[in-house]
Amino acid sequence: MNGPGQAAAWAEYDDDGGLDIFAGGYSTASMEDVGAFELGRPHRVSVSHLYRNNHDGTFTDVPPAGGLNRAITVMGANFGDLDDDGWLDVYLGLGDPSYEALLPKRMFRNEEGKVFQDVTTSGGFGKLQKGHAVAFGDIENSGNEDVMEELGGAYPGDGFHAALYRNPGHGNHWVTLMLEGVKTNRAAYGARIRVTIDEQGTERSIYRAVGSVSSFGGNPMRQHIGVGKAASIRELEIWWPVSGVRQRFGNVLVDRTYHVLEDANKLDVVPVRTFEIGKTKIAAPLHDHHE
C-alpha cells in the first residue's frame, strides 16, 4: 500500500479457488484530500488495494484495484452477495474521527470478478455518518443477504444508531450451508467449499472459505452462497482441514438451507422460518426434511 490502512479482508472475489486480499486505504491529512482525489488533483491520502492470489504463495496488486482504488478513508468493510449471482460484492464504511468527516458509505457490486461497480446511489446505501463494522447476513431467512452497519463517531455528540439495509431480492437462486465440524473445530473454521453449477449452458464453480471475513466486520458462520439462475447444483464439495475429508454431493436442490456434519455423508435440510422485518407474523417452515 502507499500509506496506512484500517479494514482488511480475505475474499474470493474472482472465483478462481484462491483467497484474495482487500486492504482498505485510510490515512488522509484532511477531508479536502478526498475531494482532491475525485477531481484528479494532488492529494495525500492512501487508496485501497486489491491483491489477487497467484496460487504460489504470492499476490498481485490488481490495477487499479478493480475499481476500489478510491481515496475514501475506509474504516469498516465486508464482502457478501447482494444479488445472489455468486460474485462477492463489498460494502465500505467510511470516515475518520473528525466532526467534518461525513462521507457517504459506499457499496460496490462485483461484475463477474472483473470490476467493482459503484451501486451506492441505486441501492440507497449512502448514509452520511461514520461507518464502522459491516455484516452481510440473511436476517429474514428469505434467501437474500441484508446488510448491517455500525455507525457513529468517537467524539461527544457524534454518536449514531446502527443501520440495517433490507434486501428486496433479485430473483436468483441460492443455497445456505450450516457446517459442523467433528475432528475439525465445531464452527468449521478453515473449511473450504466449492459449488459447481450449470448456468444458462455454462459450467462454473463458486468458492467459499469458512471464517474468511473482514478485520472490521463479521458475517454469520452459516455460508450463504448465491448460484444465479442455476436451477440446481451439479456438485457440492466440502473439504475439512483437520480430517482431510472431502464430501461430495450431486444434484443438490437450491433455495434451501442444509446442515452438514463432518463425519456424515448426507445433507439434512434445515426447516427455517421466514419473516419480514417490521411485521410480527411468522411464516411456516420453508421446507420439509430431505436427504
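The same ILVMFWY cluster, assembled from side-chain heavy atoms under 4.5 Å apart, contains both Met148 and Ile277. Residues Val260 and Leu253 fall within the same hydrophobic cluster, defined by Ile, Leu, Val, Met, Phe, Trp and Tyr side chains chained together at heavy-atom separations under 4.5 Å.
Taking CG from Leu92 and CZ from Arg70, the interatomic distance works out to 9.5 Å, rounded to the nearest 0.5 Å. Glu180 CD to Asp268 CG: the interatomic distance, rounded to the nearest 0.5 Å, is 10.5 Å. To the nearest 0.5 Å, atom CD1 of residue Ile193 and atom CG of residue Leu179 are 5.0 Å apart. To the nearest 0.5 Å, the span separating NE2 on His132 from CG on Leu94 amounts to 11.0 Å. If you take CD on Glu203 and CG on Asp198, they are separated by 6.0 Å, rounding to the nearest 0.5 Å. Distance check, rounded to the nearest 0.5 Å: CG of Leu177 to CG of Leu267 gives 8.0 Å.
Using cut-offs of 30° and 60° on the angle between ring planes, the pair Phe116 and Phe79 is perpendicular.
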(request) Take Arg192 and Glu237 through the salt bridge (Lys or Arg N to Asp or Glu O under 4.0 Å) test and state the conclusion after the steps. (result) CA-CA 8 Å; Arg192 305 295 292 269; Glu237 180 179 356; over 6 Å; no
(message) Working note: Thr274 + Glu140, criterion side-chain contact (heavy atoms from CB on, under 4.5 Å); need CA distance, chi angles, decisive distance, verdict.
(response) CA-CA 6 Å; Thr274 63; Glu140 299 176 322; 6.0 Å; no
(message) Go through it in stages, so that I can follow the logic: the residues are Thr60 and Asn54, the test is side chain to side chain donor-acceptor pair (under 3.5 Å), and I'd like the CA-CA distance, side-chain angles, deciding distance and then a yes or no.
(response) CA-CA 7 Å; Thr60 297; Asn54 295 325; 3.0 Å; yes
(request) Verify side-chain contact (heavy atoms from CB on, under 4.5 Å) between Arg194 and Ile206, making sure each step is shown before the conclusion. (result) CA-CA 6 Å; Arg194 182 177 70 178; Ile206 301 168; over 6 Å; no
(message) Checking Val90 against Leu68 for the side-chain contact (heavy atoms from CB on, under 4.5 Å) test, could you report, in this order, the C-alpha distance in whole Å, the side-chain angles of both residues, the deciding distance, and whether it holds?
(response) CA-CA 9 Å; Val90 61; Leu68 298 178; 3.9 Å; yes
(request) Please assess Arg52 against Asp20 for the test salt bridge (Lys or Arg N to Asp or Glu O under 4.0 Å), listing each intermediate value before the final yes or no. (result) CA-CA 5 Å; Arg52 180 187 294 120; Asp20 311 293; 5.9 Å; no
(message) Using side-chain contact (heavy atoms from CB on, under 4.5 Å), reason through Phe249 and Glu235 one step at a time and then give a plain yes or no.
(response) CA-CA 6 Å; Phe249 307 96; Glu235 184 180 69; over 6 Å; no
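Leu164 places a side-chain heavy atom less than 4.5 Å from the side chain of Ile139. In this structure, the side chains of Asp158 and Lys130 come closer than 4.5 Å at one or more pairs of heavy atoms. No side-chain heavy atom of Glu111 sits less than 4.5 Å from a side-chain heavy atom of Trp87. Residues Val195 and Ile225 have side chains in contact (heavy-atom distance under 4.5 Å, counting atoms from C-beta outward). Counting only heavy atoms from C-beta outward, the side chains of Leu236 and Arg248 never approach each other to under 4.5 Å. Looking at heavy atoms from C-beta onward, Tyr258 lies in side-chain contact with Val175 at the 4.5 angstrom threshold. Residues Tyr13 and Asn110 have side chains in contact (heavy-atom distance under 4.5 Å, counting atoms from C-beta outward). With a 4.5 Å cut-off on side-chain heavy atoms, Asp85 and His170 do not count as touching.
The hydrophobic cluster around Phe160 extends to Leu151, counting ILVMFWY residues whose side-chain heavy atoms fall within less than 4.5 Å of a member. Members clustered with Phe136: Leu82, Tyr91, Met107, Val119, Phe125, Val134, Val147, Tyr165, by chain and number, using a 4.5 Å side-chain heavy-atom cutoff among hydrophobic residues. Through chains of ILVMFWY side-chain contacts below 4.5 Å, Val182 is grouped with Leu261. Grouping Ile, Leu, Val, Met, Phe, Trp and Tyr residues whose side-chain heavy atoms lie under 4.5 Å apart, directly or via other members, places Tyr99 in a hydrophobic cluster with Tyr155.
Judged by distance alone, with hydrogens and angles left aside, the side-chain atoms of Ser48 form a donor-acceptor pair with the main-chain N or O of Gly25 at under 3.5 Å. Formation of a donor-acceptor pair under 3.5 Å by the Thr184 side chain with backbone atoms of Val242 is found in this model. Listed for the Asp146 side chain is a donor-acceptor partner under 3.5 Å among the backbone atoms of Asn167.
No option in Gln247, Lys183, Arg246 other than Gln247 meets the side chain to side chain contact (heavy atoms under 4.5 Å, CB included) test with Trp240.
Applying the ring-ring contact (aromatic ring centres under 6.0 Å, His included) definition to pairs two or more places apart or across chains, none involves residues 190-222. The side-chain hydrogen bond (donor to acceptor under 3.5 Å, both in side chains) pairs that include a residue from residues 217-229 are Asn78-Asn219, Asp84-His224, Asn141-Arg222, Asn172-Lys229, Thr176-His224, where partners are two or more places apart or lie in different chains. Sorted by first and then second residue, the ring-ring contact (aromatic ring centres under 6.0 Å, His included) pairs involving residues 175-201 (not counting sequence neighbours) form an empty list.
Few gaps surround CZ on Arg166; more than 12 heavy atoms of other groups in view lie less than 6.0 Å from it. Atom CD of Glu32 has 12 or fewer heavy atoms from other residues, nucleotides or ligands within 6.0 Å.
For Ala231, there are no side chain to side chain contact (heavy atoms under 4.5 Å, CB included) partners at least two apart in sequence or on another chain. Contacts of Asp16 classified as side chain to side chain contact (heavy atoms under 4.5 Å, CB included), with partners at least two apart in sequence or in another chain: Glu12, Asp14, His55. Considering only residues two or more places apart in sequence or on other chains, Asp263 meets the salt bridge (charged side-chain N to carboxylate O under 4.0 Å, His left out) condition with none of them. Listed by chain and number, the residues in a salt bridge (charged side-chain N to carboxylate O under 4.0 Å, His left out) with Asp83 are Arg109 (sequence neighbours excluded). For Ile21, the side chain to side chain contact (heavy atoms under 4.5 Å, CB included) partners at least two apart in sequence or on another chain are Trp10, Tyr51, Phe59.
Ion pairing between a basic and an acidic side chain is recognised when a charged N comes within 4.0 Å of a carboxylate O; Glu149 and Lys127 show no such pairing.
In this structure, a donor-acceptor pair under 3.5 Å is absent between the side chains of Thr73 and Asp96.
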